[in-house]
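One structure is given below, encoded as structure tokens.
A, B, ... follow the sequence lines: proteins, then strands. Residue 1 opens every chain.
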Amino acid sequence: MMDFDEALEQFDPALGLEVHVELNTATKMFCGCPAAFGGEPNTHVCPTCLGLPGSMPVVNGKAVESAIRIGLALNCSIAEWCRFARKNYFYPDMPKNFQTSQYDEPIAFDGYLDVDVEGETFRVEIERAHMEEDTGKSTHVGGTTGRIHGAEYSLVDYNRAGIPLIEIVTRPIVGAGVKAPLVARAYVQQLRDLILALGVSEARMDQGNLRADVNLSLAPKGSDRLGTRSETKNVNSFRSVERAVRYEISRHAAILAAGDAVVQETRHWHEDTGITTSGREKSDAEDYRYFPEPDLVPVAPSAQWVEELRGTLPENPTAKRARLQAEWGFSDLEMRDTVGAGALGLVEETITAGAAPQAARKWWLSELARRANEEGVELSDLAITPAQVARIQALVDEGKVNDKLARQVFDGVLAGEGEPDAVVEARGLAIVSDDGALSAAVDDAIAANPDVAEKIRGGKVAAAGALIGAVMKQMRGQADAGRVRELILEKLGAGEG
Amino acid sequence: MSDITRDEVAHLADLARIDLSEAEIDKLAPQLAVILEAIDSIADVATDDIPPTSHAVPLTNVFREDVVRPGLTAEQALAGAPATEDQRFLVPRILGED
Amino acid sequence: MSDLTRRSAAELAAALADGETSSVALTRAHLDRIAAVDGAVHAYLHVDAEGALAAARESDERRARGESASRLDGVPIAVKDVLTTVGMPTTCGSRILEGWVPPYDATVVARLRAGGLPLLGKTNMDEFAMGSSTEHSAYGPTHNPWDLERIPGGSGGGSAAAVSAFAAPLALGTDTGGSIRQPAAVTGSVGVKPTYGGISRYGLVAMANSLDQVGPVTRTVLDAALLHELIGGHDPLDSTSIDQPVPDVVGAAEQGATGDLRGLRVGVVKELTGEGYQAGVQQRFDETVALLVEAGAEVVEVSCPHFVHALAAYYLIMPSEASSNLARFDAMRYGLRVEPEGVEAPSAEEVMRATRDAGFGDEVKRRIILGTYALSSGYYDAYYGRAQQIRTLISRDFAAAFEQADVLVSPTAPTTAFKLGEKLDDPLAMYLNDLATIPANLAGVPGISVPAGLADGLPVGFQVLAPALADDRVYRVGAAVETALTGRWGGPLLDQAPALPTTEVAR
């Protein structure tokens, strides 16, 4: 491994990203089985998605619509005429031993996505977006639990087989230099935001709705040739995308610097150790024998249909960011941090749910970002919704809890104890607003601290802090500090001017 | 173009996942050579400006509504399986991962 | 009651409608006939006496209520073993699918059931429909009822032999390069390959998806039309199915039977006659063309120069598609699973290889390897791509020929039935059987084969081809040929077939 910065003094990285998006259609790509996640094993199946002899595919029109909308949102040209093709290779989780995909005639091609990286706009060119079907899922039994190596046998569930996927492939991204890991991360994040805005997928990386393969190669600085690339498969979080790129840059650099050749191969990303390991070597023997799927007829979207779909697109992401920043009154730095943390959508939804912009930003970027970081997960993977965050802020605004108690409400919600109000109730976190109890506590504090009380009486209002602290301590924090202050000043006959 | 060697047949059998015996390969190679020689007659027939026909009937845009249709029960799905366990298809250990 | 089996399906339907007989009686008569002759013919791979009789009883009950599910309600039928059937095995003539009972019906099978036709059983075929003789069935060959030493054609030799041995009045076949028409020709029966997309392929275990088509196998042209009408029409489960009404094939067959072909232009395809055609076959063909002239048709010679390349294009496209279609037979989800010998705890990969070697026959392996070769990178353009261009040229030849003629005609097969075993080790000679039938599959146009007489005591077929969607024309001309020739022969050609040895039926 070569130090990252040193690697980039010697080499220029070229990135390529292949992102698979699982669509949220009601049914699968080529049959009427439910495309819903999960289900009892082998219950979302029919002759077609099981690949039974004699079965035939019929294209889900809604999936084509989603594919075109994704293509348009990525500024792609939409094919006037294109076909599905068979990608032939054997694997037990693929029922027909070919994947129905698209080959040289993708539904969308030649587009781009402008991504923001630390305030700078980077244009990522999109080579193509095409439609295909997902595979089944294998569970490996025996040997080291769950690992494929050493397993005695495997069990296959075909519920996932045939779920529509859109594969989005970038052109080689060059010139990012030291920012390559950030560009990769930002691209995946902002692509996800776009997919969510289109409403075509749940786009949850932890559930595999959005899966990224990261291709990387290095070339000697100043050379315009691309080096040999590695393909790191199934990198399943934004953070991991960034880390995997960093890792591969250091790994490639060390190999090249030693005068060795990088092997063209697929690699596996290990989330726990933060490294990649060698997978399958891409040899010449790999031959998918693509040919047009004879059981499906060509897809030829009319210009009218494409224009209708263009009309349904969400706002352009760059324009949208500018609009939101203005609406929310965020500084450039605040906006950049929000986008960089992958929190734009979450903050937006929280604001939509009623929270003030700064409050929404504060919770996601401080409190929740800290927790996500501790757990090593994405913000979006935390077990809390924007609506819940907005509700907690509302409790603060209503004076039912203070910021400190609010953190305990977050604890409860994240621990699965239910909605914020239920957590407040169950944990007894509400601020005591009963003036009787509060008044008694204030009296106690005055009695216990006569010197301080005297100072306050004498007009040194600033000394009230010590008494407030004592009251809050006695109330175990469940009091509104503002009210406590009022009571103290009232009882000691001191006014605020 | 029509020459097909034993090694090529073995490679194709590998791609097609058929465990051909040496004797089968010996028999197949010359047969395929004869067939390919007959087929080679088309090499010069069509010039590049002739569009290929992949579908005999020129239909386009045949789509299905995105509406769930009843499929098979797990029992029906698994009825023909050589082996099952826990309502899943039991398959021998899988080598490598794609 | 044996005379029931000699009647046409149209006659049986009429007898049922008149109350002259019952579905149970004629289903039983056919089951008896199967029991008596199938030992010698081996047309069936599976006979479902119980299921057929149950369906027959339901049909009779319907009639008793004054209802009828279709014009053929109660007339039994045999189904080629390449179509999926609930409750009956579907093996495609292959060891790899031995005993597999599908959990779903092919659309055409569902339409038969809905029309009230009792399903007698599943008929023999070359493995995965790959062959022209039925000798490539893993379960032993079918024998030609005209001469048990000879092939019944293929791949649908079982269906053709079943109707020509009077072991079924109707059967379903499938035709990828001639598998309905060539068996019809060599067994003296009628076979129709409809327009591609005219009949649903859902549930047809594909050999070559872009060429396969389901069609009727019968003894008369009218019977074929009645069956076509029942199974045809749009199916939303087949994306290549044409969303248009079925042409009036029954009306066309009835019109043709009047024997009047005035105003019809008939094109004799120059490239599908002469050299390579057995003398007796050519003779019967020429005589039949003369009859068309007598019936008032205008006959012209047309040239389809690219037809000579049809066979080569076919033997690239078909194996390519087949190699991919047959990849699913891998011992994981259904069918045979064979563990390699001497390997402890074999991997999925090794089990796949061993199973596919043990489960597929020689011809299937030959075509899978050929198709894998034609699709592999570096060869795609030279082979598969080029073959698809030839398809375009052949379609253009058809289009030009149909400018000059309403239908095209040729002998169906270049020879009469050859002896079992004669061409088994010469794949290329076997492939030449399909010379005249393949162009129609490549272009998707409809074709019929009707009996044209005998050569050296064996049946010869006459093929009529029409433009896509004009299936009615092949019925009209086919029926006219049938009327003229049966008039001349004093009865159907099959009346001249020798009696089959029968096995005593214990009842």
Side-chain angles (χ1 to χ4, degrees), chain A residues 25-27 30-34 40-47 49-50 52 58-64 81 83 88-93 97 136 138-143 148 150-158 233 266 268 279-280 285 287 289 291-292 294 296-302, chain B residues 4-5 7-20 32 36 39 42 48 50-98:
Chain A
T25 48
T27 64
F30 300 116
C31 66
C33 288
E40 286 296 303
N42 295 303
T43 52
H44 296 171
V45 293
C46 73
C49 58
L50 273 180
L52 293 187
V58 186
V59 174
N60 182 343
K62 176 81 181 178
V64 177
W81 189 92
R83 290 176 295 187
N88 292 286
Y89 66 99
F90 287 80
Y91 209 74
D93 63 13
N97 285 325
S138 309
T139 314
H140 309 294
V141 183
I148 193 161
E152 286 160 30
Y153 59 91
S154 299
L155 298 175
V156 192
D157 168 16
Y158 292 101
K233 295 279 187 189
T266 60
H268 302 304
R280 191 164 38 87
D287 186 345
R289 288 161 284 135
F291 72 102
L296 292 172
V297 303
V299 175
S302 68
Chain B
I4 185 159
T5 62
D7 283 355
E8 273 183 287
V9 173
H11 169 66
L12 293 168
D14 187 53
L15 270 180
R17 299 291 187 274
I18 305 178
D19 202 359
L20 289 183
L32 291 174
L36 285 172
I39 287 171
I42 66 164
D48 290 341
I50 307 293
T53 298
S54 59
H55 297 81
V57 178
L59 299 172
T60 53
N61 294 339
V62 175
F63 300 137
R64 178 175 56 77
E65 294 278 311
D66 187 26
V67 174
V68 174
R69 268 174 53 97
L72 300 173
T73 62
E75 290 70 34
Q76 286 174 312
L78 294 158
T84 64
E85 187 176 299
D86 292 344
Q87 208 169 301
R88 292 170 173 89
F89 293 85
L90 190 156
V91 305
R93 67 196 169 84
I94 299 170
L95 291 179
E97 200 164 13
D98 187 47

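Taking every heavy atom of both residues into account, A:Val45 and A:Cys49 meet most closely at CA-SG, 3.5 Å. Minimum heavy-atom separation, B:Gln87 to A:Asn42: O-ND2, 2.8 Å. The two residues A:His268 and A:Gly279 come nearest to each other via the heavy atoms NE2-CA, 3.6 Å.
Proximity to chain B (any heavy atom under 4.5 Å) is shown, for A:Leu155, by both the backbone and the side chain. In this structure, the portion of B:Val67 lying under 4.5 Å from any heavy atom of chain A is its backbone and not its side chain. Looking at B:Thr73, the atoms closer than 4.5 Å to chain A (heavy atoms on both sides) all sit in the backbone: N, CA, C or O. Heavy atoms closer than 4.5 Å to chain A are found in the backbone of B:Ala16, but not in its side chain. Neither the backbone nor the side chain of A:Phe291 comes within contact range of chain B, judged by heavy atoms closer than 4.5 Å. For a residue to count as touching a neighbouring chain, one of its non-hydrogen atoms must lie under 4.5 Å from one of that chain's; by this rule A:Cys31 touches chain B with the backbone only.
Side-chain contact between A:Val59 and A:Phe30 is present, with at least one heavy-atom pair separated by less than 4.5 Å. Side chains of B:Arg17 and A:Asn97 form no contact here, defined as non-hydrogen atoms less than 4.5 Å apart. For the pair A:Thr139/A:Asp157, no side-chain contact is recorded, criterion being any heavy-atom separation below 4.5 Å from C-beta on.
B:Glu85 contributes no side-chain N or O that, together with a main-chain N or O of B:Leu90, makes up a donor-acceptor pair within less than 3.5 Å. For B:Asn61 (side chain) and A:Val299 (main-chain N/O), no donor-acceptor pair under 3.5 Å exists by modelled atom type.
Chain A forms more heavy-atom pairs under 4.5 Å with one residue of B:Ala83, B:Pro70, B:Pro52, B:Ala74 than with any other, namely B:Ala74. Per-residue counts of heavy-atom pairs under 4.5 Å with chain A were compared for B:Leu78, B:Val91, B:Asp66; the largest is that of B:Asp66. Ranked by heavy-atom pairs under 4.5 Å with chain A, the first of B:Gln76, B:Arg88, B:Arg69 is B:Arg88. Heavy-atom pairs under 4.5 Å with chain B were tallied for A:Val64, A:Leu296, A:Asp93, A:Thr43; the largest tally goes to A:Leu296. Options B:Leu59, B:Asp86, B:Asp14, B:Thr84 differ in how many heavy-atom pairs under 4.5 Å they form with chain A, and the most are formed by B:Leu59. If you tally non-hydrogen atom pairs under 4.5 Å between each of A:Pro292, A:Gly136, A:Pro34 and chain B, the highest count goes to A:Pro34. Considering only heavy-atom pairs separated by less than 4.5 Å from chain B, the leading option among A:Pro92, A:Cys33, A:Ser302 is A:Pro92.
In this structure, the separation between OG1 on A:Thr27 and CZ on B:Arg64 is 3.5 Å, given to the nearest 0.5 Å.
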